[in-house]
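Hydrogens, waters and symmetry mates play no part in the numbers below; they use all other heavy atoms, side chains included. What you see is a predicted model; the values in this text were computed from it and never measured.
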Amino acid sequence: MSAHGELTLSAADELVIENGKTGFLARDDDERVELLSTLAQDAELRESVGRAAYNAASSSFSVSTITKKYLSFIESVHQRSSTGVPQEVF
């Protein structure tokens with residue numbers, strides 16, 4: 001965060017959070033206050049964003065999903081060492 005209350009968002013933030021759907025990406029103090037006020041006053045929005053965030057995290061970052069990605073990566077390394085040809089993993 002800068003000295004002026006601005007938050008620097010990374011590319012990873014934007015990959016993990018779909019702004020307005022699975023969370024909110026506030027870029028400065030004014031946006032944070034506005035978003036928190038909106039969330040405090042809107043139970044339905046809190047519920048829908050929370051549910052969407054949970055579903056997105058469960059499907060993208062579950063043990064099963066991460067395990068499949070690791071196994072795919074290991075298989076690609078094995079294939080690469082056998083054939084010398086890089087394989088697309090992610």
Side-chain angles (χ1 to χ4, degrees):
M1 186 180 316
S2 76
H4 301 288
E6 294 175 4
L7 180 64
T8 302
L9 299 173
S10 70
D13 295 326
E14 294 180 353
L15 286 173
V16 174
I17 299 170
E18 188 176 344
N19 196 27
K21 182 174 180 184
T22 61
F24 297 97
L25 299 170
R27 294 182 185 346
D28 58 36
D29 288 341
D30 290 337
E31 277 190 39
R32 277 189 284 285
V33 169
E34 183 179 331
L35 288 168
L36 288 171
S37 295
T38 299
L39 285 168
Q41 296 172 19
D42 191 338
E44 189 175 308
L45 178 62
R46 290 193 307 271
E47 174 70 25
S48 66
V49 170
R51 189 178 315 108
Y54 176 83
N55 290 337
S58 294
S59 66
S60 297
F61 305 108
S62 68
V63 171
S64 174
T65 300
I66 299 300
T67 299
K68 288 176 188 174
K69 287 182 180 184
Y70 274 117
L71 291 174
S72 178
F73 172 73
I74 291 167
E75 179 63 25
S76 75
V77 170
H78 174 72
Q79 287 178 0
R80 189 177 311 148
S81 67
S82 300
T83 65
V85 178
Q87 302 291 319
E88 184 71 28
V89 177
F90 298 99

Item to complete: Check the side chains of Asp13 and Ser10 for a donor-acceptor pair under 3.5 angstrom, ignoring hydrogens and angles.
Response: yes

Worksheet entry | CG-CG distance between Leu35 and Asn19, expressed to the nearest 0.5 angstrom | 7.5 Å

Worksheet item: Per the side-chain hydrogen bond (donor to acceptor under 3.5 Å, both in side chains) rule, which among Asp29, Asp30, Asp28 passes with Arg32?
Response: Asp29

Worksheet item: Going through the distances and angles, do Phe24 and Thr38 end up as a side chain to side chain contact (heavy atoms under 4.5 Å, CB included)?
Response: CA-CA 11 Å; Phe24 297 97; Thr38 299; over 6 Å; no

Practice prompt. Look at the side-chain heavy atoms of Ile, Leu, Val, Met, Phe, Trp and Tyr, link any pair under 4.5 Å apart, and say whether Leu39 and Val33 land in one connected group.
Written response: no

Discussion item. Once rounded to the nearest 0.5 Å, what's the spacing between atom OG of Ser72 and atom CD of Gln79?
Written reply: 8.5 Å

Discussion item. Looking at Ala56, is its backbone amide N or carbonyl O close enough to the side chain of Ser59 to form a donor-acceptor pair, meaning the two atoms are under 3.5 Å apart?
Written reply: yes

Practice prompt. Over all heavy atoms of both residues, which pair between Glu31 and Leu25 is shortest? Give the atoms and the distance, please.
Written response: OE1-O, 3.5 Å

Item to complete: Report the distance from atom CZ of Arg46 to atom CG of Asp42, rounding to the nearest 0.5 Å.
Response: 7.5 Å

Worksheet entry | Salt-bridge present (Arg27, Glu34; N to O < 4.0 Å) | no

Discussion item. When you group the ILVMFWY residues by side-chain heavy-atom contacts below 4.5 Å and let the links chain together, are Val49 and Leu36 in the same group?
Written reply: no

Discussion item. Do Lys68 and Thr65 make a side-chain contact, defined as non-hydrogen atoms from C-beta onward lying under 4.5 Å apart?
Written reply: no

